[in-house]
A.B. asks: 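First, the structure itself, so that you have it in front of you.
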Amino acid sequence: MTASRSAQWYRGTDRNAYIHRAWMRRGLPSDVFDGRPHIAIANTASDLTPCNMHLNEVAEHVEHGVWEAGGVPLNLPVVSLGETNVRPTAMLWRNMAAMAIEEMLRANPVDGVVLLGGCDKTIPALLMAASSVDLPAVVVPGGPMLTGTFRGAPLGCGTDVWKLSEEVRAGTLSQADFLRSESSMIRSKGHCNTMGTASTMGLLAEVLGMTLPGLAGTPAPDSRLLEGAHETGRLIVRMIADERRPSTVMTRGSFLNAIVALAALGGSTNAVVHLLAIAGRLGVELTQDDFDRTGSGVPLLVDLQPAGRHLMEDLYRAGGLHAVLNEVRDLLDPAAITVTGRPLVETLGEATVHDRDVIRSRSQPLQQDAGIAVLYGSLAPDGAVIKPAAASPHLLRHRGPAVVFDSIEDLHARIDDLDVTPDSVLVLRGCGPKGYPGMPEVSNMPLPPKLLAQGVRDMVRICDGRMSGTAYGTVVLHVAPEAAAGGPLGLVRTGDMIILDVPARRLELDVPAEELAAREPSPEMTAAFARPSRGWQRLYVETVQQADTGADLDFLIGSSGDQVARESH
């Protein structure tokens, strides 16, 4: 029988084995080196990632389960990305976090890993890393926070920030009341309680098969999260014995299941770039068009902000993820398995809906055909995405004049004093992976005060960046190629007519091709592009791919496995 990875470090009587064991003892008994599986707990807890601050407690319960099952748990703090704090954007470091985690898992004497994440980029980075090293791995999602209230009404973190701040700009909410809501929004530990990126990726980790069935979506303060963490510790030991790896769990069918769930949940557009990147690490065939082909006809069943009214605590109470999946069970690949080895559809059992206000039936959905739409045309030759569930129906077919911003700074300087109408199309460029750098969540541009005062609350907005999964509006995102990569978005001029036709999947710039070919990029735009001279940002800008393939680095696509050929001493 082949020795386990950890045994390759610890077994033997030579100097190297002595060094490995001696420095790891620290009170551990000798029999922990007798072939027991050693489990890394890849822990993204950090005081600067507020949504993940509780993961040290979760890690303790994973440890209990690992010890109980005969394994050896080892806490491994890894790069943690807090969406709300880091500048210029957490997306700049998703690939760095994934690369660092991958290398640490490969370099250390571990046989499997439990992945602890919550905030937006942490679960994607962990899954990308685990996919590339391909050791047995399982996710414990940190879970959403409880619902806060202000003036008797529930607050959706993120979504209500956008809404309330626009009301201040419109003059319908005082600055004092806006600030008073601040202490009410974050009521407990956990990530955003809307169907933002954190909630979306936690739930999709389970649909991909990578969590203990039934765990995703459990609120962070709920004791059942700790119970699930304990059971996950036991599970990872069994997974190592069964050699169940990410490559055996996450198949093409698993990703198509995730796309179905993304539509039914009304999940974040950011899931597109994350699922594409994870699939790229596994070598699974997945394209941005799969999101339209598989998900566009799926109805929106979950009435959660930003596409609806309720919050994650309500979803859990109403039956949770499994109740939603049972509603679309016939659309799921029955062969796709989970970390337990059982098919996903078999883990759903008889999960039922307890509140039809929160989880709708297929016959009475919140919205028909609600999945991500992928648009092509002269303005987006390689595609762009829009979330119809978060858009205004009357704007899904629209023709209007462009109002162009050459950078986010240009937007901030001019947005409050624009000559615009409700038909105008706001265009922000220079916000793609290369241009910003890192593809920030700025695409849901604030509306001009002139229009807010008229009661306008949505306009067509187009950008080569992303938007928060908690945001809403008729926002066209991820335009590819981005302006900094030579895309036609960089040639748009204020006054050009833009045609958006979501039903026809078109995004066109109504300018003759000959005229467009004769144009030069705006000097103000090119001057604002990122030009880092060193470090990670330089490596990122030089090697990052475009949004339509997941915005991973070109040399990180694929897997290097778990083997390390050389000794360290």
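Hydrogens, waters and symmetry mates play no part in the numbers below; they use all other heavy atoms, side chains included.
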A.B. asks: Any carboxylate oxygen within less than 4.0 angstrom of a Lys/Arg side-chain nitrogen, looking at E285 and R252?
C.D. replies: no
A.B. asks: Answer yes or no: is there an ion pair linking E102 with R106, defined by an N-O contact shorter than 4.0 Å?
C.D. replies: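 The answer is yes: the pair qualifies as a salt bridge.
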A.B. asks: Is it the case that the side chains of T197 and S268 hold a donor-acceptor pair, with the cut-off being a distance below 3.5 Å and no angle test?
C.D. replies: yes
A.B. asks: Assess whether salt bridge (Lys or Arg N to Asp or Glu O under 4.0 Å) is satisfied between E57 and K189, documenting all intermediate values.
C.D. replies: CA-CA 11 Å; E57 180 185 20; K189 56 190 172 184; 3.0 Å; yes
A.B. asks: Above 12 or not: heavy atoms from other molecules or residues under 6.0 Å from CD of E567?
C.D. replies: yes
A.B. asks: Check R94 with D120, please: is the shortest side-chain N to carboxylate O separation under 4.0 Å?
C.D. replies: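 Salt bridge flag = no for R94 with D120.
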A.B. asks: Salt bridge or not for E231 and R234, using N-O below 4.0 Å?
C.D. replies: yes
A.B. asks: Taking N257 for the side chain and V207 for the main chain, is one N or O donor matched with an acceptor at less than 3.5 Å?
C.D. replies: no
A.B. asks: How about E346: does its CD atom have over 12 heavy atoms from other parts shown lying under 6.0 Å from it?
C.D. replies: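 Enclosed: over 12 neighbouring heavy atoms sit under 6.0 Å from CD of E346.
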A.B. asks: I'd like to know if the side chain of W536 and the backbone of L92 have a donor-acceptor N/O pair within less than 3.5 Å.
C.D. replies: yes
A.B. asks: Between S188 and L146 (side chain of the first, backbone of the second, donor and acceptor by atom type, cut-off under 3.5 Å), is there such a pair?
C.D. replies: yes
A.B. asks: Looking only at the side chains, is there a donor atom on one of H191 and E83 sitting less than 3.5 Å from an acceptor on the other?
C.D. replies: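 Distance-only check fails for H191 and E83.
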A.B. asks: Check this for me: does any side-chain nitrogen of one of D552 and R281 sit under 4.0 Å from a carboxylate oxygen of the other?
C.D. replies: yes
A.B. asks: Is it the case that the side chain of S132 and the backbone of S559 share a donor-acceptor pair, with hydrogens and angles ignored and the cut-off at 3.5 Å?
C.D. replies: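 Looks like no, no N/O pair under 3.5 Å.
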A.B. asks: Salt-bridge test for R36 and D111: reply yes if a basic N is under 4.0 Å from a carboxylate O, no otherwise.
C.D. replies: no
A.B. asks: Flag yes if more than 12 heavy atoms outside Q563 fall under 6.0 Å of its CD atom; otherwise flag no.
C.D. replies: yes
A.B. asks: Any side-chain donor paired with an acceptor under 3.5 Å for S184 and S181?
C.D. replies: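 Short answer, no.
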